[in-house]
Amino acid sequence: MSILANKDTYVVIQGGLAGVNAARRMAEFCYLIKRSLNVLAFVYPPDAGKTNEIPYGSGLLAVPIYKSIAEATHNHSQINTSLVYIGADRAMKGGMEALDDSHIKVVSMITEGVPEKDAKILGAHARKLGKVFNGPSSIGIVSAGSCRLGVIGGAFDNLVLSKLYREGSFGVITKSGGLSNEIIWICSQFADGITTAIGIGGDAYPGTDYVSYLDMFENDPQTKAVVIVGEMGGDLEERAAEWYGAKRRRVKLIAVVSGFCQESLPKGMKFGHAGAKEGLKGEGSARSKSDALKKSGAIVPATFGALGPAIKETYQELLKSGQVKELVEPAVLPKLPKSIEEAMKANEVMVAPLIRTTISDDRGDEPCYDGYPASELINKGYEIPHVVGLLWDKRLISKQEAEIIKRIMMLSADHGPCVSGALGTIIAACAGIGMSQSVAAGLIMIGPRFGGAVTDAGRYFKYAVDNKLSVDDFLAYMKKNVGPVPGIGHRVKSLRNPDKRVKELVGYVKSLNIKTPCLDFALEVEKITSVKKDNLILNVDGTMAAVLVDIGFPVDSLNGFFILSRTIGLIGHWVDQKRQDSRLIRLFDYLVNYAAPKRREVPPLK
Amino acid sequence: MAKVLEGPGMGLMKKWGITVPNYVVVTSIDELTKLGQANEWLKKSKLVVKAHEALGSRFKLGLVKVDLDLKGAEAAAKEMIGRQVGSITVSQVIVSEMIPHKEEYYCAVKSTREGTDVLVANCGGIEVESNWDRVKRLAVEIGQQPSPASFEKLAKDAGFAGPLAKKMAEFAGKMFTCFDSEDAQYLEVNPVVLREQDHELIALDAVTLLDGDAKFRHPDWNFAFAAEFGRAYSKHEMEVMAVDSKIKGSVKFIEIPGGDTAMLPAGGGASVYYSDAVVARGGKLANYAEYSGDPPDWAVEVLTDKVCSLPGIRNIIVGGAIANFTDVKKTFGGIINGFRKAQSEGKLKGVKIWVRRGGPREKEGLDAMRALKDEGFDINVFDRNTPLTDIVDKALQGK
């Protein structure tokens, strides 16, 4: 047997994330003792109608979220317990809602920093209704082998180590959450473990005090002894002593009290727990509590360290008197499935990666490009073209190569509003579309007829140079296999009206002392083609392509230089339209050649 | 519990209809002079000047001056403002009017488990301490509003008679309302005096403790809470408090000058047991500290930095019970970073570190601590199999 929480306890959790985390811990316990999940519902109005996913073993359970306690208990009539994980400013309302629901018999409040007055009101209301209000600031309640409420008991491994999968003979009541776990562990190592452990919370006026729980333990035949972990402040320990001394009790009482250090500390100093504080007139000191407990006949070890041996001694006596029998531990306990991360850390699984990358890694404190930390690149004077070199071709390019790339980008950043890309972006911007989509609308124009010829131009010039083709052989090859030469020809520019960007770039590259076989070849091609037709000149795509191949960039990356550069312009156009608050535009009818059939009658549907 | 200084405390009583003497809180003589020009009572009444700081025994320290005129009050204020008492600099004084009276009484309201106790005595001042049997009590259950008749009965029980009983009952009633409405934890007026001129009951001196957790529903609590142990918070304490107010979970730090055993334990409950163990072993605590509720590692690092900066320490106790949900590896990561920083600043020379802990990811956390040995730390690491406070025994052995 146990008290407060058992196999028939079914729970609603009030609150958000903290409550979900508690439910996960509770599911681990349920899995350990092979019972179904005891959390049947959540109450959290912002997410009402959705579900929370709670891992159970290797599966996931969907637990519904409701907007009120009434809704939760209406749908799950087994619910008899509520755990409150609501913020301190709304905790009282939530606690009241739970207490006032006829299905609910036990409310345990985890919330810390609840005003004292609210806690007292909740406690009094519960007593009036004959229900239990536990907390605030409670770590939870756990009955070994049957029910866990909250995170009490800690991680799965600790549940096993503390033998919480089966009942022992010791009840535990503590104010401190961390110490509740410690005592559960001690009971499992020095004795046969616990029946039920309750965290009552470290506030000045817990909703339910030691005495009420001592009464419950006294009436639970399985519990043979109760361990109380107290601290200075308030009079709960004195009341417990009074209860124990009042008449002969079936359960043995073992108690420790903290706060003796207060005698040598500044008066009025605040400890971690709100209730851990001597009264204004010195009442509630550790010494007065400890003396009261001793006087009542309780076993009071001198220090916390002596608690283990004291528990052991009590257990031995219980064994000798035949009140308890030594337990046989189950041979096999369920193991909690490991997450992939845990299993990998333990070298237990090998996972085939889904993707593979060879260029960058930002798992550390900053991104590394091809292994070089970004900040170090910045501090050593590298610039954007170098980052392009690292991410597109995995190499640190030279200063000279970086300068060429910079110039290419500057020359192709924008070409006014009329070209396909910019027009696409502007139309989208005027329709009120956001930046990324509008810029994407411009980018999708880049293709064989607009800006997208760089890669192909590079590919064929490189083919010619690699295979040492003459210009005539090249043109013949292109005519037969491809069609018009990518990188040659312009819609507007011609020999008489040359493209200044091409002149600029060619001039610069030729001024450097580097080998440019592709560019040289492309210029030779231009000489022949421009004679055939005035506008069949080497265009900016072709020039970029030839130069980039010459400085070693892979053919597949070449369109990227245009896309990257032109993105600067497209963003500019979007911002420009946005700033002007441009209105929606549409084509004028006179810009359309309506070549569709004239209006006619629709025949009947057959 | 949050202590409130006299000025704001009297302000709250006034709000609920309790008559208090006229008073002003000033930070400079100029301010007092100007207020003197604007307020008749400052010119006409006899005045009391008191240092408006969280200081005990102000009378003995000469920080209370009575029976002054405005000139005298200005002189007293001048003398007090800027005075250094221990770690506190007097920055404010409260100047209030003296109330001529013959009789002194006592009224207090305090929090109990069941609700509230209202206490009344027909003696006051220091007399009440030695005549505690004359203090009569009205116990009010939480959520209940006592009737005027029950307050009258209380006053009569305490020995008040006639119209004065009615007045005292009203006074106690207002004290209760103030307590209940302001989320107070303790209100004490000692003495309550009977003003000679109009036979009005006046709250002459007030102790006010409020429930700091209820601040969210009191937008007019625009005053700062005072330190509760008779000294100002130190710079390091305030830095840790600032971190504490920002994070999930908590970090706490209080310095105790002259100690040599530094505390860095986890948990509001366990930390006190660790402190007890140090005292029981004859050690001298250099501080109280605690972290809990799975605080972020950087917050624990700040706390560690402050602990390592304590002067004259010989041992650091990194204790803790078996955590429920505090991630041992993560929080220890913060402590380890703090230790490394302190070591690089030459702070941990000759200091022994003692570790004991359990909880989520305890193995990883403890292994990381053990590895500090290779970095030259004098560190001893124990797991859950070593009882909670045994590391204190080991640390202080041979003392």
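Chain identifiers are assigned alphabetically (A, B, ...) following the order of the sequence lines, protein sequences preceding nucleic acid strands; residue numbering begins at 1 within each chain. None of the values given here were measured: they were computed from a predicted structure.
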Determine whether [X] and [Y] make a side-chain contact, defined as any pair of heavy atoms from C-beta on separated by less than 4.5 Å.
X        : Y        : result
A/Arg25  : B/Asn324 : no
B/Val272 : A/Cys261 : yes
A/Phe304 : B/Pro387 : no

Donor-acceptor contact below 3.5 Å, side chain [X] vs main chain [Y]:
X        : Y        : result
A/Asn158 : B/Ile322 : no
B/Tyr273 : A/Val256 : yes
A/Trp185 : B/Arg384 : yes

Select one option (side chain, backbone, both, neither) describing which atoms of [X] are under 4.5 Å from chain B's heavy atoms.
X        : answer
A/Ile186 : neither
A/Lys345 : side chain
A/Ile121 : both
A/Val229 : both

[atom1]/[X]: more than 12 non-hydrogen atoms of other groups inside 6.0 Å:
X        : atom1 : result
A/Glu313 : CD    : no
A/Leu129 : CG    : yes
A/Lys312 : NZ    : no

Closest-packed option against chain B by number of heavy-atom pairs under 4.5 Å, given A/Thr174, A/Leu307, A/Ile184, A/Val257
A/Val257
Can you tell me how far apart [atom1] ([X]) and [atom2] ([Y]) are? Round to the nearest 0.5 Å.
X        : Y        : atom1 : atom2 : result
A/Glu231 : B/Ser271 : CD    : OG    : 8.5 Å
A/Asp118 : B/Asp213 : CG    : CG    : 9.5 Å
A/Lys117 : B/Thr116 : NZ    : OG1   : 8.5 Å

Among A/Ile152, A/Asn21, A/Asn181, A/Val151, find the one that has a side chain to side chain contact (heavy atoms under 4.5 Å, CB included) with B/Phe325.
A/Val151
Just one of B/Asp183, B/Asp211, B/Ile142 clears the side chain to side chain contact (heavy atoms under 4.5 Å, CB included) bar with A/Glu116, so which one?
B/Asp211
Applying salt bridge (charged side-chain N to carboxylate O under 4.0 Å, His left out), can you list everything that pairs with B/Arg113, at least two apart in sequence or on another chain?
A/Asp209
Using only heavy-atom distances, determine whether the side chains of B/Ser111 and A/Lys120 contain a donor-acceptor pair under 3.5 Å.
yes
B/Arg361 and A/Asp157: salt bridge (charged side-chain N to carboxylate O under 4.0 Å, His left out), yes or no, with the steps?
CA-CA 10 Å; B/Arg361 297 216 284 168; A/Asp157 291 350; over 6 Å; no
Where do A/Leu179 and B/Leu388 land on the side chain to side chain contact (heavy atoms under 4.5 Å, CB included) test, with the steps shown first?
CA-CA 10 Å; A/Leu179 288 176; B/Leu388 192 77; 4.0 Å; yes
Can you check salt bridge (charged side-chain N to carboxylate O under 4.0 Å, His left out) on A/Arg239 and B/Glu114, steps first, answer last?
CA-CA 13 Å; A/Arg239 286 174 187 235; B/Glu114 287 73 22; 3.3 Å; yes
Under 4.5 Å, counting heavy-atom pairs only, tell me which of B/Val392, B/Asp180, B/Val278 racks up the most with chain A.
B/Asp180
Any salt bridge between B/Lys215 and A/Asp89, counting N to O under 4.0 Å?
no
Between B/Ala323 and chain A, with a heavy-atom cut-off of 4.5 Å, which part of the residue counts as in contact: side chain, backbone, both or neither?
backbone
